[in-house]
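What follows is a short report on a single structure.
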Amino acid sequence: HAASAPPACSTSQLVPTIGSPNGAAGTTYLTVTFANVGSACTLRGFPGVQAVARNGSSLGNATRVSMGTKVATITVKGAHHGFFPQAKALLGIVDTGALPHCSTVPAVALKITPPNQTTFKTVPLPFEACSHGPSVLKVGPVKS
């Protein structure tokens, strides 16, 4: 008989990190990596990403875009012997100068929530965001 799929990954078993930026015209792309420090689990969909101001307030949610990746359920193997399997999602930060009606304000971090979870983890990342109006963030679905 077929083995059942592992349960959904919980925020507590995933450690998010942000990779080095790659610039493109008007947008900087980074990889959000989720390292699994627990047992095997599954992820499907888009992570939640919010910019955070110095005072801790939210500067808006990331817009979900496919960025060439189809939404699929991925299995992240469990951690073993110091090896932490990973899932990734592409994050774009749009240059504030490319957005109409953007009042620029410094962001100091990102609140990152795994797909289909409600608890976030905060990752420091300084960048320019909009105090209101359009979000400078866009995020793709998780992939292996």
Side-chain angles (χ1 to χ4, degrees), residues 2-24 26-96 98-99 101-144:
S4 61
C9 297
S10 67
T11 303
S12 63
Q13 76 185 97
L14 298 174
V15 177
T17 56
I18 305 294
S20 300
N22 289 314
T27 302
T28 300
Y29 290 97
L30 307 113
T31 300
V32 177
T33 301
F34 293 98
N36 185 6
V37 298
S39 56
C41 59
T42 60
L43 288 171
R44 180 181 178 86
F46 296 83
V49 181
Q50 279 188 338
V52 182
R54 274 194 201 110
N55 66 5
S57 66
S58 171
L59 296 171
N61 294 312
T63 303
R64 295 173 175 191
V65 292
S66 70
M67 293 202 261
T69 303
K70 289 188 169 138
V71 172
T73 300
I74 61 165
T75 298
V76 186
K77 292 181 179 177
H80 56 90
H81 305 295
F83 178 69
F84 305 102
Q86 301 175 343
K88 300 174 188 278
L90 189 60
L91 175 68
I93 302 175
V94 178
D95 180 357
T96 56
L99 297 170
H101 314 295
C102 175
S103 178
T104 303
V105 62
V108 296
L110 294 172
K111 288 180 182 175
I112 300 175
T113 309
N116 306 306
Q117 297 292 308
T118 56
T119 307
F120 63 85
K121 290 188 177 175
T122 303
V123 178
L125 181 72
F127 63 97
E128 293 295 313
C130 300
S131 61
H132 61 278
S135 173
V136 298
L137 301 172
K138 55 186 178 180
V139 67
V142 291
K143 59 186 177 179
S144 49

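Every heavy atom of this structure was used, including side-chain atoms; hydrogens, water molecules and symmetry mates were not. This one's a predicted model, so the numbers in the text were calculated from it and none came from an experiment.
- Taking all atoms of both residues into account, the shortest heavy-atom contact from Ala89 to Gly140 is CB-O, 3.6 Å.
- Contact annotation: the side chain of Phe127 approaches that of Val136 to within less than 4.5 Å [non-hydrogen atoms, C-beta and beyond].
- Put simply, the side chain of Ser131 gets close to the backbone of Ser103: a donor and an acceptor are under 3.5 Å apart.
- Looking only at distances, no side-chain donor or acceptor of Asn116 sits under 3.5 Å from a matching main-chain atom of Gly45.
- With rounding to the nearest 0.5 Å, the separation of CG in Leu91 from OG1 in Thr27 is 10.5 Å.
- Across all their heavy atoms, Cys9 and Leu14 have their closest contact at CB-CD1, 3.7 Å.
- Contact of the Ile93 side chain with the Leu125 side chain is registered, since non-hydrogen atoms from C-beta on lie closer than 4.5 Å.
- Annotation: the span from Thr17 atom OG1 to Lys121 atom NZ amounts to 11.0 Å, rounded to 0.5 Å.
- Every side-chain hydrogen bond (donor to acceptor under 3.5 Å, both in side chains) that Ser10 has, sequence neighbours left out, goes to Ser12, Gln13.
- Nearest heavy atoms, Ala40 versus Pro6: O-CB, 3.5 Å.
- Of all non-hydrogen atoms in Thr119 and Thr11, the two that sit nearest each other are O-OG1, 2.8 Å.
- Applying the ring-ring contact (aromatic ring centres under 6.0 Å, His included) rule to pairs touching residues 34-53 yields nothing, sequence neighbours excluded.
- In this structure the side chain of Val49 never reaches within 4.5 angstrom of the side chain of Asn61, judged on heavy atoms.
- Val32 has its side chain within reach of Ile18: a pair of non-hydrogen atoms, C-beta onward, lies under 4.5 Å apart.
- Here Gln50 contributes atom CD and Ser135 contributes atom OG; the two are 9.5 Å apart, rounded to the nearest 0.5 Å.
- Counting heavy atoms of neighbouring residues, nucleotides and ligands inside a 6.0 Å radius, atom CZ of Phe120 does not exceed 12 of them.
- Residue Thr122 holds its OG1 atom at 9.0 Å from CG of Leu110, rounded to the nearest 0.5 Å.
- With values rounded to the nearest 0.5 angstrom, Leu43 atom CG is found 9.0 Å from Thr73 atom OG1.
- When all heavy atoms are compared, the tightest approach of Val139 to Ala62 is CG1-CB, 3.9 Å.
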Side-chain polar contacts of residues 76-88 - donor-acceptor pairs under 3.5 angstrom, sequence neighbours left out - could you list them?
none

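- Of all non-hydrogen atoms in Arg54 and Val108, the two that sit nearest each other are CG-CG1, 3.5 Å.
- Atom NZ of Lys143 has 12 or fewer neighbouring heavy atoms from other residues, nucleotides or ligands inside a 6.0 Å radius.
- Note that the CG atom of Asp95 and the OG1 atom of Thr28 stand 7.5 Å from one another [nearest 0.5 Å].
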